[in-house]
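Let me begin by presenting the structure, written as structure tokens, before commenting on it.
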Amino acid sequence: MPDATITKRKDFLSVLDFDATDLERCLRLSARLKADRALGRHASTADALGGRHVAMLFDKPSLRTRTTFEIAIRELGGHLVALQPDVALGRREPVADVARNLERWVDAVVIRTFSQSLLQEFATAATRLHVVNALTDQEHPCQAIADFLTLQERFGQLRGRTMAYVGDGNNVATSLAHAAAMLGVHVHVASPEPYQLPHAVVQQATNAARHGARLRLFSEAADAVAGADAVYTDTWTSMGKEDEAETRRQAFAAYQVNEELMSLAKPGALFMHCLPAHRGEEVTADVFESQVSVVFDQAENRLHGQKALLLMLLAPAASL
Ligand code: CP
Ligand code: NVA
């Protein structure tokens with residue numbers, strides 16, 4: 001049954017910009033868009049953006065996010081404006097000035113940058129512009145949509161499932177924790193002490209929790225993984241932190257996802273990773289290549305999830 005009413009959202013800087021109804025609708029819409037992709041130009045959403053312009057600005061490298069947003073914009077009948085990093089967000093001119101220029105030309109901007117507060121400043125300055133977070137140091141909300149779409153495909157009902165996240169309490173972990181809480185999924189996070197999920201994120205997830213979802217922090221990977229339906233990990237060294245790589249390799253050595261760790265999860269538990277992955281560090285090659293690994297489903301679902309997101313922000317009527 002389509003929703004009778006829709007809430008118009010301006011930005012998607014964080015999973016928390018959505019409420020649980022939005023997020024569930026986004027997952028349903030993603031699944032529909034995935035099925036409809038085979039219809040190509042005959043899909044009902046093929047011109048939903050009606051030639052509107054969507055700009056993209058990446059201050060950090062990207063394969064998946066950039067490619068899937070480009071395809072999503074095109075397949076929904078929008079026009080892409082690929083801004084170059086020489087825009088030098090926040091350095092060449094004030095962030096608010098960049099935002100107030102762009103809103104005179106385009107309808108939305110997809111931004112990958114370092115600071116979440118800079119993104120917030122950008123979005124606040126441009127009241128007519130839809131702003132999407134394509135990853136900051138703090139959050140990666142588009143990834144979480146694809147991740148829960150992947151789990152929904154495998155499990156059907158998400159509520160009551162348990163995901164273990166082993167490794168750095170970083171941007172990916174934060175957005176997973178936000179989304180899981182809203183969707184009624186329990187999350188067990190295991191990280192070495194200095195790299196635990198920030199307290200503020202634990203608080204946000206607790207406040208957003210529905211259907212009894214619980215977020216629990218562990219120091220031992222084995223304890224977090226026990227009984228989990230899925231085991232998720234991410235790089236130990238995120239983009240921008242390359243100087244810390246050696247220290248982090250040592251700190252995270254006991255947090256590798258390997259066959260022994262996977263054997264402590266539920267039989268058949270899925271292995272998840274946002275990619276790019278580093279075999280021999282956060283995950284072994286055998287787990288990465290195993291039957292339970294859904295990493296390329298996650299990557300594929302970036303496309304469908306972001307199409308749904310663009311429709312919800314830019315063409316809410318087409319998103320019903
Ligand atoms: N998972 C993800 O965001 O990949 P990219 O960094 O390649 O965009
Ligand atoms: N945590 C990683 C995610 C990459 C998609 C990073 O920020 O580099």
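Counting starts at 1 for both ligands and their atoms, following the listed order. As a basis for the values below, the full set of heavy atoms in this structure was taken, side chains included, without hydrogen atoms, waters or symmetry mates.
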Does Glu260 have more than 12 heavy atoms from other residues, nucleotides or ligands lying within 6.0 Å of its CD?
no
Leu135: numbered ligand 2 atoms lying under 4.0 Å from its heavy atoms:
3 (C), 4 (C), 5 (C), 7 (O)
Would you say Gln298 touches ligand 1, if touching means a heavy atom closer than 4.0 Å?
no
Looking at ligand 1, does Lys60 have a heavy atom less than 4.0 Å from it?
no
Nearest-contact summary for atom 3 (C) of ligand 2 - protein heavy atom, Å
Asp234 OD2, 3.6 Å
Select the closest option to atom 6 (O) of ligand 1 among Arg64, Arg112, Arg66, judged by heavy-atom distance.
Arg112
Using a strict cut-off of 4.0 Å, indicate which atoms of ligand 1 neighbour a heavy atom of His140.
2 (C), 3 (O)
Region of Asn171 that comes within reach of ligand 2 [heavy atoms, distance under 4.0 Å]
side chain
When every non-hydrogen atom of Ala99 is compared with those of Leu129, the smallest separation belongs to O-CD2, 3.9 Å
Are more than 12 heavy atoms, taken from residues, nucleotides or ligands other than Gln291, located less than 6.0 Å from that residue's CD atom?
no
Near Arg302 (heavy-atom distance under 4.0 Å), the atoms of ligand 1 are 1 (N), 2 (C), 3 (O)
Taking all non-hydrogen atoms of both residues into account, name the closest pair between Cys142 and Gln306 and its distance.
CB-OE1, 3.6 Å
If the cut-off is 4.0 Å to any non-hydrogen atom of Leu63, which atoms of ligand 1 fall inside it?
5 (P), 7 (O), 8 (O)
May I ask you to identify the nearest protein heavy atom to atom 8 (O) of ligand 2, giving residue, atom name and distance to one decimal place in Å?
Met239 N, 2.8 Å
Does any donor atom in the side chain of Gln298 or His273 lie under 3.5 Å from an acceptor atom in the other side chain?
no
How close do Asn301 and Thr150 get, heavy atom to heavy atom, and via which atoms?
ND2-OG1, 2.9 Å
For residues Gln138 and Asn170, is any side-chain donor paired with an opposing acceptor at under 3.5 Å?
no
Please check if the side chain of Gln256 supplies one atom and the backbone of Thr284 the other of a donor-acceptor pair under 3.5 Å.
no
Mind checking whether Leu135 has an N or O less than 3.5 Å away from an N or O of ligand 1?
no
Any N/O pair Ser238/ligand 2 closer than 3.5 Å:
yes
State if Leu275 counts as touching ligand 2 under the rule of any non-hydrogen atom under 4.0 Å.
yes
For Asn133, is there any backbone N or O sitting under 3.5 Å from a side-chain donor or acceptor partner on Glu139?
no
Ligand 1 atoms in contact with Leu275 (distance to a heavy atom under 4.0 Å):
1 (N), 2 (C), 4 (O)
Counting each atom of ligand 1 from 1 as listed, which ones have a heavy atom of Gln143 under 4.0 Å away?
1 (N), 2 (C), 3 (O)
For atom CZ of Arg214, decide whether the heavy atoms of other residues, nucleotides or ligands shown that lie under 6.0 angstrom number more than 12.
no
